[in-house]
Amino acid sequence: MDHTIRPAVQGDLESITAFTRDTFSWGDYVPERFEEWLADDATQVLVAANADDHPVALAVCTLLSPIEAWLQAARVEPASRRRGLASRLNQDLTTWAKSRGARVARLAIEDWNEGAISQTAALGYRPTCHWVYAKRAVGAASPVPEGNGGQRVATAEKVMQAPSGESGPAYLSWTSGPLAAPARNLFGRDWRWRRLEIDDLEHAGRNGMLFEARAGWAMAIPRADELQVAWMETSEEDAYALTRSLVDLAVDLGVDSIEFMIPKVDWLVGAVRRAGCDIEPLTVYSLPLA
Ligand SMILES: CC(C)(COP(=O)(O)OP(=O)(O)OC[C@H]1O[C@@H](n2cnc3c(N)ncnc32)[C@H](O)[C@@H]1OP(=O)(O)O)[C@@H](O)C(=O)NCCC(=O)NCCS
């Protein structure tokens, strides 16, 4: 059966929810993000619709900067897989992004997801950098104490909110330090990666999301129930101290969990593991839109 690729509309939510509810063992984020994507001028949501005009697949592309496109949420209902739908959606989205000036398209895939890795490799996407998503519960929600055993003992070092004036030193330290190269100068916020600019740190400073300690800097975004650490600048010697003090910050904020998106560098991964996080490796892939 032939499918039509078209922009998603509000009325598609029910069909999309029906085939995305249980995509992964933990469920899926697509139904709850769908309306936000539709309302965003920088985002294009495409569906593949069957002969009855019911969506059986979708994919989403967002322009994260004038030249960087981010693809996500490729989902095909199980009965319609291996018919080229995800690949057609991806190609139409990169055509859309290119027509708006994007020079590179990127996406992230968890390293266990061999189907998605094969599918995007066939389209020409190549691994750019390796990352680790690290997460742990904190405070009352935590099954393990925050410290190294026994009662929680706050670290001697505290992270403090940094003013936007700290963005210069933080950015300079990062660009000349050991973490920018493995990150390929990218940072991952809300599971979307793009190039980190000094303006991002300035913006974080103005909005209370830039933190500093002797052990380094971090961009951390407090949400209702979690603290999301989207960027860190530290050294091998100080990585654990910074990680621990960010866990303490999460406890002080009263959130249920803390999550880190970090480049896959052994000593940094070791630090978040030692601080009690579970980790999930993933890779960011890129396709030049020449
Ligand atoms: C991954 C997914 C989007 C692929 O969609 P799809 O429409 O079946 O993919 P396509 O038909 O365009 O695949 C094109 C090619 O990619 C490769 N491929 C796709 N799925 C594959 C799989 N499960 N295993 C191995 N290779 C695969 C094949 O080379 C395929 O060509 P072929 O069918 O002629 O052999 C779909 O399986 C899906 O919805 N999975 C669950 C959600 C998910 O993991 N999304 C990606 C999150 S990053």
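One-based numbering, in listed order, for ligands and for the atoms of each. FYI, the numbering just counts along the sequence from 1. As the structure is a prediction and not an experimental result, all values here were calculated from the model.
The closest approach between a heavy atom of A73 and any atom of ligand 1 is not below 4.0 Å. Under a 4.0 angstrom heavy-atom cut-off, R83 registers as being in contact with ligand 1.
Aromatic ring centres of W267 and Y240: separated by at least 6.0 Å. Aromatic pair W193/W131: centroids less than 6.0 angstrom apart.
Counting heavy atoms under 4.0 Å from ligand 1, residue A86 touches it through both backbone and side chain. Contact annotation: for L107 versus ligand 1, there are no heavy atoms closer than 4.0 Å. Neither the backbone nor the side chain of A57 comes within 4.0 Å of ligand 1, counting heavy atoms alone.
Seen from the ring of Y29, R75 counts as a face-on cation partner, given the 6.0 Å and 45° thresholds.
With R88 contributing its side chain and H3 its backbone, the two residues share a donor-acceptor pair below 3.5 Å. A side-chain donor-acceptor contact under 3.5 Å links N50 to the backbone of D53.
Taking all heavy atoms of R81, R75, R88 into account, the minimum distance to atom 41 (C) of ligand 1 is reached by R81. The option with the heavy atom closest to atom 13 (O) of ligand 1, from among Q91, E114, Q119, E110, is Q119.
Distance check on atom 48 (S) of ligand 1: some protein heavy atom falls below the 4.0 Å cut-off. Per-atom contact check: atom 33 (O) of ligand 1 touches the protein, criterion being a heavy-atom distance below 4.0 Å.
Residues R100 and D41 are not paired through a salt bridge, judged by the lack of any N-O separation under 4.0 Å between the basic side chain and the carboxylate. Under a 4.0 Å N-O distance rule, the pair R21/D28 does not qualify as a salt bridge. Here D252 pairs with K158 in a salt bridge; the nearest charged N to carboxylate O distance falls below 4.0 Å. Of the charged side-chain nitrogens involved, at least one lies within less than 4.0 Å of a carboxylate oxygen, so that E68 and R106 count as a salt-bridged pair.
Within ligand 1, counting atoms from 1 as listed, the ones closer than 4.0 Å to a heavy atom of A108 are 48 (S). Every atom of ligand 1 is numbered from 1 in the order shown, and the set under 4.0 Å from a heavy atom of S87 is 10 (P), 12 (O), 13 (O), 14 (C). Taking a cut-off of under 4.0 Å to the non-hydrogen atoms of G115, the atoms of ligand 1 that pass are 18 (N), 19 (C), 20 (N), 21 (C), 22 (C), 23 (N), 24 (N), 27 (C). Remark: ligand 1 atoms within the under-4.0 Å shell around heavy atoms of T23 are 41 (C), 42 (C).
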List, one per line, each side-chain donor-acceptor pair under 3.5 Å for residues 197-205, sequence neighbours excluded.
residue	atom	partner	partner atom	Å
D200	OD1	R194	NH1	3.2
D200	OD1	R194	NH2	2.7
D200	OD2	R194	NH1	3.0
D200	OD2	E197	N	2.8
H203	NE2	N207	ND2	3.3

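In terms of N/O distances under 3.5 Å, ligand 1 is approached by N113. For a threshold of 3.5 Å applied to N or O pairs, the pair formed by R82 and ligand 1 contains at least one separation below that value. Taking distance alone, with nitrogen or oxygen atoms compared against 3.5 Å, A74 approaches ligand 1 more closely than that limit. Checking only distances, G84 does come within under 3.5 Å of ligand 1, N or O to N or O. In terms of N/O distances under 3.5 Å, ligand 1 is approached by V76.
Contacts of E32 classified as side-chain hydrogen bond (donor to acceptor under 3.5 Å, both in side chains), with partners at least two apart in sequence or in another chain: none.
With hydrogens left out, the protein atom closest to atom 26 (N) of ligand 1 is S118 CB, 3.4 Å, a heavy atom.
Of the inter-residue distances, the one linking N185 atom CG with C129 atom SG reads 9.5 Å to the nearest 0.5 angstrom.
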